[in-house]
Amino acid sequence: MTTTLDVAKIRDDFPILKQFVHGKPLVYLDNAATSQKPQAVIDSLVQYYTTTNANVHRGVHTLSQQATEDYEGARAKVRQFIGAAEDREIIFVRGTTEGINLVAQTYGRRNIGPGDEIIVSNMEHHSNIVPWQMLCEEKGALLRVVPINDDGELLLDEYEKLLGPRTKLVSMVHQSNSLGTILPVAQIIAMAHSHGVPVLLDGAQSVPHLPVNVQQLGCDFLVFSGHKLYGPTGIGVLYGKAELLEAMPPFQGGGEMIKSVTFEKTIYNDLPNKFEAGTPNIAGAIALGAAVDYVTELGIDRIQAYEHELLEYGTRALSDISALRIIGTAAEKAGVLSFVMDGVHPHDIGTILDTEGVAIRTGHHCTQPLMERFQIPATARASLAFYNTREDIDVLVKAIDRVIEVFS
């Protein structure tokens with residue numbers, strides 16, 4: 001299918017794409033690590049600090065009231081974007097990592113005990129492994145891992161075997177940052193819920209590229225980062241069902257998360273304030289709202305369709321290179337092209353590509369257990385966004401030819 005995205009016009013919205021690296025036009029293919037920012041997002045940051053800079057919620061003066069309106073307006077935009085039921089189910093955090101840690105230290109500490117089990121997959125980012133390991137160590141619980149096949153697809157029959165009376169939480173990635181695999185999350189959630197087990201989804205990679213509706217999926221928690229959604233760094237979102245968030249203790253203590261404080265007792269604030277202690281990243285939240293506006297205007301369905309076309313083109317192009325092997329060939333996959341090359345370390349690939357103006361990521365991508373599963377130390381990873389083009393992939397292929405020349 002063809003798309004109606006005007007990619008040339010879109011590229012004009014991203015100032016950084018106009019620059020040169022080592023005398024070559026920048027080809028940015030590191031979107032799974034962080035995305036570039038449209039001018040509208042940059043402008044929203046400048047606008048806030050130029051005209052509205054004030055603390056939120058407690059001020060009676062005009063600037064504070066305007067900042068509060070814009071900050072809470074961003075929360076409403078996020079709620080609508082992911083299909084949550086209420087604004088109070090949207091908690092602003094620093095990013096996906098902090099969101100997962102928040103759930104581990106509040107819901108996890110309260111609900112998981114000795115002998116209980118938490119299920120993750122073999123393709124998790126370290127951010128969705130380490131917090132649960134820390135919790136398991138503290139509580140005497142066990143981390144159970146769902147294996148994957150050689151294509152990088154989750155083995156659902158093995159997942160079903162792991163679900164049982166000791167399972168207290170499933171925390172699973174929606175889309176793999178290293179492989180591009182899109183997990184069958186609706187099925188994963190339904191299977192967990194049939195055992196009365198809540199599910200956290202790591203949406204860091206999926207939310208910028210796929211339609212995600214938390215009520216339709218039925219997930220209990222969703223976390224994602226603003227900087228991968230064309231917004232600024234240092235801002236992210238934890239969505240949680242209101243009844244779960246209400247029952248969870250606060251993550252941090254301080255201003256804003258309280259209703260009343262005496263030296264004898266503190267009464268905690270209502271949602272979402274209970275989980276937003278201190279002065280929040282006001283500018284970041286407002287700019288995330290601007291990013292959501294930008295993506296919404298383009299249309300997430302159209303973005304998904306365009307990026308899928310690009311992935312298919314890139315997969316064909318890289319598959320034609322005999323010295324190269326793609327890691328991650330799932331049937332359901334989004335815009336990630338991870339690969340290894342015979343006799344060339346991924347870091348050397350990345351270094352040579354950089355001299356050609358091509359930015360990719362090399363390493364284990366914070367998925368060391370996944371690399372071990374494929375018996376490789378690292379991959380080179382090109383990851384796509386809606387401002388990338390077939391021409392970008394052609395430049396990537398030519399740069400890989402240069403790698404082959406150097407190492408032949």
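The figures that follow rest on heavy atoms only: side chains count, while hydrogens, waters and symmetry mates do not. Values in this document were obtained by computation on a predicted structure and should not be read as measured data.
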Charged N to carboxylate O under 4.0 angstrom, Arg88 versus Asp270?
no
Pair Gln65, Thr62: side-chain N/O donor-acceptor within cut-off below 3.5 Å
no
Polar side chain donor-acceptor pair, Asp43 to Gln47, under 3.5 angstrom:
no
If we only count heavy atoms from C-beta on, is the Asn213 to Pro211 side-chain gap below 4.5 Å?
no
No-hydrogen, no-angle side-chain donor-acceptor test under 3.5 Å, Tyr387 and Asn31:
yes
Does a donor on one side chain sit under 3.5 Å from an acceptor on the other, for Asp13 and Tyr294?
yes
Charged N to carboxylate O under 4.0 angstrom, Arg373 versus Asp150?
yes
Side chains of His174 and Ser206, donor plus acceptor under 3.5 Å
yes
Side-chain donor-acceptor contact under 3.5 Å, Gln304 with His308:
no
Tell me, which pairs form a salt bridge (Lys or Arg N to Asp or Glu O under 4.0 Å) where one or both residues lie in residues 345-363, sequence neighbours left out?
Lys24-Glu356, Asp30-Arg361
His209-Gln175 side chain donor-acceptor pair, cut-off 3.5 Å:
no
Whether the Thr97 and Ser127 side chains hold a donor-acceptor pair (N or O, under 3.5 Å, no angle test) is what I'd like checked.
yes
